[in-house]
Every structure is written in C-alpha cells, then in structure tokens.
Amino acid sequence: MRELFFETGRQGTALHTLFSERCGAHSFGACEQYLLRDGKPWLPVMAEFHFTRYDCAEWELELRKIKAGGADIVATYLFWIFHEPVQGEFDFSGSRDIGRFLALCRKVGLYAFVRLGPWCHGECRNGGFPDWLQQSGLPLRGCDERYLALVKRLFAAYAEQLRPWLFASGGPVIGLQLENEMVGNAEYLRRLKALALACGMHTPLYTVTGWGTNVQLPWGEALPVYGAYPAAPWTEHCGPLGPNENYLFSPRRNDADIGSDQLRPGAGPDTAAAHAVPFLTCEIGPGNQCTHHRRPVITALDAEALSLTKLGSGNNLPGYYMYHGGFNPPGGLYQESHATGYPNDVPVSSYDFQAPLGEYGQPRESFFRLKRLHQFVHFCGERLAAMPAFFPDSRSAPEAAKHLALRSDGRSGFLFFNTYQRGAPSCPIDGLQVSVQGISGETRRYDLPELPADSCGVFPLELECGGGLAEGEYLQVAKKLTIHGGMGDVDFAGSLGDEIWLDGGTGKIFLTMPETVEDYDISGSFFTRNVTVNGKTLEPEVSVEQNGGDLDSWEMDFDEDFVVPQQKTEGKKQICIDGGTGEIALTFAGNTEKGATA
C-alpha cells in the first residue's frame, strides 16, 4: 500500500488582530489566518451579483435565492459608467439604486461587500470608466491629482448612497474593495483608501485584488483577495489550454492565468507578506464568461471541485465570481470589446457567465453542488477557519500527492481530496494510506477507500462528536443546521451529536438524531403551500410568490407552534426533506423529549 505523509507541526501560535470594528453587540475583523465575527473565527461564503445588471423589481427574489444557496455575503461592483455617464450628472435611480439594493440585502439577512472601483473591469466597457473620462487625456489609475479629484467627487456621491447602509450605521456593508487588478502601485491604492475614508466610507474590512506580477500592495491597509477560474477565455489563441493547475492542492495563492489579458505576462510567485494574512478569495469561478473566440462549457463538477480544492488549500473566504449572472443595461454598448481597445469581444447584452444562478435567475446543477459544500462550511466553519492547510510529502506517492490536502489544528482535522482536473485525464486513487504526524499528539494512519475518478470530498479526522467520532464524506456535526429546500429554506436548530447526510443532487437531506433530542425547531419557506407535521396540516400565509413553473418561490409565515409529543418507543429519529417536491415527512420513533415547528 502506498503512503502519503503529512506533518502538521506545532500548533497554537498566538494570532494578532489586524483589523476590527464593533457596532453595538457585533464586530468584524481579521487576524493573520482568518476573518473574525464577534471575536470568533468566521469562514463566510461570498457571492457576486451585479445589481446594475438585473431588474430592480427582481432583486429581493434573487437575493433570497443567493441566500438559499448558502451565501453569507453579496459582493457587487459600482461601475462608474452606469452612475456618472455624463460628467457631473449622477444617476442612482431604478436598477442603479445601490441604496435600495443594500436595504434588501439587510432585509433578507445578507452582508454586503462593495467593490468601489473606480476601475472595475467586470467585462464592462472601459473597465467601467465613463467615455468622457476615458477620452479626457488625463493619466488614469494613478496618483495624478486631476484624476484623483474626479475620483474624490465620485466617492463623495457613492458615500451619500452607502452611508446609511454601512456597518457602523447598522447596515450590511462590512467591507469595501479598492480598484481591481492593480498590484504595481501601492501608493495609488493607499490614496484611494484615504479618499474613501475622507468621504465617510468607513468599514471593518478593506480589500485589494492580489493576483499579478510585481505585486506591490498596501500591506496593513487592506487585505489581498485572490481568484481562480476553470478556464481562461481571455487567452488570445483558440488551441487547447492544457491541465488547469487550480484543481491541484497547493499553498500558492497567486493564479498564473487570472487577469492575464490585463496583467501580462501573468502572475508571479507569492510573497512572504501574502502568507502573513488570511487566504481570501473574491473570484473563484463557478462559471466563465464566453468570448467571441473562446466559448468554454463549464460543468457543475468544474465549479464544485475548484471551490473545494481552494478550501482544502487554506481558503478562508470562498468568494464566487459570478454566482448570479445578469445582463447589461439597455440603451448602450456597455460590453468589453475590440472596439474599445480590449483584447476580447464579449456578448453585447448577456452576462450569464454560466453562473450557478443564470442571467434569468435559473438555478443550474452547480448551484446545488455548491450548496452542499456550503453546508459543510457552515457546519464546521468556525473550527475549519482556525485550521492551517498542510500538504503531503510526495516522495512515496507523487501521482496522488497533489490530489489531497489536510487542514488541522493538531487535534483533529479535515482531509480534502479531488481526483478531477479540468484538461487532464481522470485520476482515480486506490490503495493509499495517509499518515499524519502531530494529530492528537501522535502519528495516526488512515486507510482511504477508493477515491473514484472525477470525485471530490472531505474526510473528518478525529472529530469529536457527542463522545464518538464522525466518519464519512460530508458527515458532520452541527450546532445549527440550515437546510435549503428548493428555492426556500428551512432552519433546524439542533444539538451536537446530529449525523447529517447531504445529497445535493436530489435535494434530499437525512438527519439521524441522537437518542435524546432537545429543542428542535423547524421554520422557513417551502415550495408547497402547506406542510404536514405530525399529522397536522399547517397552512401558512404566502408572502412572496414568483410565477414561473419550477422556479416558484414561497416564503411562509407560521402563526402557531406544533409540539411533537414525547414518545416511549425505542429507536432513532429521522427527518427527510425533499426540496424538489416540497414534501416534508417527519418520523419520531424514540425518546423524543421535545420537537417543535414554528
């Protein structure tokens, strides 16, 4: 049997808070390894959705879908070209109303991360610069004072819209990104942050994109965020791209392909400073935009395996671009094109991006695959965030080494595997033993089952679970379990000891509860107009309805409690949720002290 060896090293190094801001009872910040929420490790999911590329009448419904997919944060661009198309005339009306969008984020329970620009890219004309600015003759994207004066005026206009929705005002905006794909001018990025602060845009977190060559970032002023895509449709040639190394576990954060159309000749090596801050991403691609000359087809496995590989490599913020597609506003040519000096021609209107939620809000298979992964992140995020990533000694099994990674705190851990690599032959793994030195204070050996071709997953190692050990892929323990049925969501507030199997393909979720169940609550929204619990029918009020066949979304408010009576029969209890049909069946066949739906 072949053996892979992991050495976790000594754990427990003191971490220092880099950023922190409190408002009322809550705080957000970051230390060297992970983000912080209320002083505890936080591993959120961030989903990109461009409000200006969608009908404002549908924003709330689409935000609810995003939340149902497991996102905690919505990221969005402020494209200058949409908000000041004519110099000195600002437009925040209709689908350009950032304030209304952020109010809806707070309403549905999502945090927000605003990507300020002033240059954004996003496959937008001039990278989002208005034509009048592009044609002004001024030196742009630098410290020219005439240009910065225009940016200051822009930021002041943004601040008027954002100020009521900033975290310090009780709003959902917990972070701002400065510029995009600008890594060679740290002083410019510092000036942008100073302008944002001078205009009153103060948030707990500031970020800048960290990919590219000649990386010079304002360390200590903002956190770098990274990305990875399944394909590179911006590549100028039309030939095969070869195996994508983003699907191999690696400590490297700086991707060699992302942004290479703007940041030639691609990415350089990571710097020491990059590894002194958390590994965060803002552009993991669960899809790709098509260009005229390259039109890749992105599968659900492309999306799932990419995100899981980055998570196993230490990512503590899975940030997706795009998570929800859209379309350019009518009445103009807002797309990136050869005609505007860009190396790519992209669709005039569509910005579908093959995203988990497409340009019409339609869920793809990748939506459900990623939702399953996000369940795992939510169940174990606080624990996982504090676990560094470790990579194996490859000498005994070099062909398997890059397909596995370990995250561990020295006591327990999660072993990640991925046998899929886009652009490469399948790589099933069998007959492999993993040895981990340092876990639980000794060397432990684990005989892995066969890992089939084109598969990915997570094995918990030495994870305490109600006095026992949890075993198996996606089998985890939850303090609070959120289950999404169809486009609605169901919240289960459970206790430690729950064993949870997630089947994202069918939408079915099974929970085998311990012998004594305390304080189980079920609430939320379902596809069906009524729900039967313990033989009694609930007829909740339908408060949200969107016609459209299988895409109907029902949000329900329950006006009474239903208590499951104590039963004396032996056995375990099981709950089955079928999110596809909306049917819910609960069977309690044991010593159930209390169960309630609300």
Side-chain angles (χ1 to χ4, degrees), residues 16 18-19 30-35 46 48 75 77 113 115-122 127-128 139-144 147-148 151 175-196 205-229 232 234-235 244-246 248-285 306 309-310 313-321 343 388-389 391:
H16 302 91
L18 304 175
F19 305 96
C31 66
E32 294 105 317
Q33 189 174 327
Y34 44 77
L35 297 177
M46 185 165 69
E48 186 102 4
Y77 273 133
F113 220 102
R115 306 177 82 178
L116 282 178
W119 188 88
C120 298
H121 197 190
L140 306 179
R141 303 185 71 194
C143 293
D144 182 270
Y147 165 70
L148 290 177
V151 173
L176 300 173
Q177 180 184 304
L178 307 167
E179 256 280 344
N180 194 57
E181 299 180 339
M182 170 58 69
V183 294
N185 193 338
E187 180 58 28
Y188 169 53
L189 295 172
R190 290 191 187 94
R191 293 287 300 273
L192 290 180
K193 182 180 178 182
L195 289 175
L205 300 170
Y206 296 86
T207 63
V208 292
T209 52
W211 56 81
T213 56
N214 188 31
V215 175
Q216 300 176 34
L217 301 178
W219 303 106
E221 297 283 339
L223 295 170
V225 284
Y226 298 91
Y229 284 92
W234 48 81
T235 303
N244 188 332
E245 293 189 359
N246 286 316
L248 302 176
F249 293 100
S250 168
R252 180 171 177 168
R253 303 179 180 185
N254 199 348
D255 178 27
D257 287 326
I258 185 172
S260 58
D261 54 340
Q262 301 294 324
L263 302 172
R264 301 176 187 275
D270 288 351
T271 63
H275 288 265
V277 294
F279 181 15
L280 311 175
T281 59
C282 64
E283 292 197 20
I284 291 178
L306 180 60
T309 301
K310 292 302 176 183
S313 298
N315 184 16
N316 272 340
L317 172 63
Y320 297 104
Y321 189 102
F391 306 91

Is a side-chain N or O of [X] found less than 3.5 angstrom from the main chain of [Y], in a donor-acceptor match?
{"X": "Asn316", "Y": "Gln33", "value": "yes"}
{"X": "Asn315", "Y": "Lys310", "value": "no"}
{"X": "Thr281", "Y": "Gly319", "value": "yes"}
{"X": "Ser313", "Y": "Pro251", "value": "no"}

What closest approach, in Å, do [X] and [Y] show between heavy atoms, and which atom pair accounts for it?
{"X": "Tyr229", "Y": "Asn246", "answer": "O-ND2, 3.5 Å"}
{"X": "Val225", "Y": "Cys282", "answer": "CG2-SG, 3.5 Å"}
{"X": "Gln216", "Y": "Gly184", "answer": "OE1-O, 3.8 Å"}
{"X": "Leu205", "Y": "Ala30", "answer": "CD2-CB, 4.3 Å"}
{"X": "Gly210", "Y": "Leu217", "answer": "CA-CD1, 4.0 Å"}
{"X": "Val277", "Y": "Leu18", "answer": "CG1-CD1, 4.0 Å"}

To the nearest 0.5 Å, tell me how far [X] [atom1] sits from [Y] [atom2].
{"X": "Leu192", "Y": "Leu178", "atom1": "CG", "atom2": "CG", "result": "6.0 Å"}
{"X": "Ile284", "Y": "Glu48", "atom1": "CD1", "atom2": "CD", "result": "12.5 Å"}
{"X": "Tyr320", "Y": "Leu306", "atom1": "OH", "atom2": "CG", "result": "8.5 Å"}
{"X": "Tyr188", "Y": "Arg141", "atom1": "OH", "atom2": "CZ", "result": "6.5 Å"}
{"X": "Asp255", "Y": "Trp211", "atom1": "CG", "atom2": "CH2", "result": "9.0 Å"}
{"X": "Thr207", "Y": "Glu179", "atom1": "OG1", "atom2": "CD", "result": "12.0 Å"}

**Message:** Quick test of your reading: applying side-chain hydrogen bond (donor to acceptor under 3.5 Å, both in side chains), list the pairs with at least one residue in residues 217-227, sequence neighbours left out, ordered by first then second residue.
**Reply:**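 Only Lys193-Glu221 qualify under side-chain hydrogen bond (donor to acceptor under 3.5 Å, both in side chains).
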
Is the closest side-chain heavy-atom distance between [X] and [Y] below 4.5 Å?
{"X": "Leu317", "Y": "Tyr34", "answer": "no"}
{"X": "Ser250", "Y": "Glu245", "answer": "no"}
{"X": "Tyr206", "Y": "Pro218", "answer": "no"}

**Request:** Check the pair Met182, Val208 against side-chain contact (heavy atoms from CB on, under 4.5 Å), reporting the backbone distance first and the verdict last.
**Result:** CA-CA 8 Å; Met182 170 58 69; Val208 292; over 6 Å; no

**Item:** For Glu187, side chain to side chain contact (heavy atoms under 4.5 Å, CB included) partners two or more places apart
**Value:**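 By the side chain to side chain contact (heavy atoms under 4.5 Å, CB included) rule, Glu187 matches Cys143, Asn185, Arg190, Arg191.
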
**Request:** May I ask you to check whether Trp119 and Tyr77 place their ring centres under 6.0 Å from each other?
**Result:**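 Not close enough - the centres of the two rings lie 6.0 Å or further apart.
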
**Message:** Taking salt bridge (charged side-chain N to carboxylate O under 4.0 Å, His left out) as the cut-off, I'd like each qualifying pair that reaches into residues 274-283, sequence neighbours left out, listed once.
**Reply:**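 For residues 274-283, and leaving out neighbouring residues, the salt bridge (charged side-chain N to carboxylate O under 4.0 Å, His left out) pairs sorted by first residue read Arg115-Glu283.
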
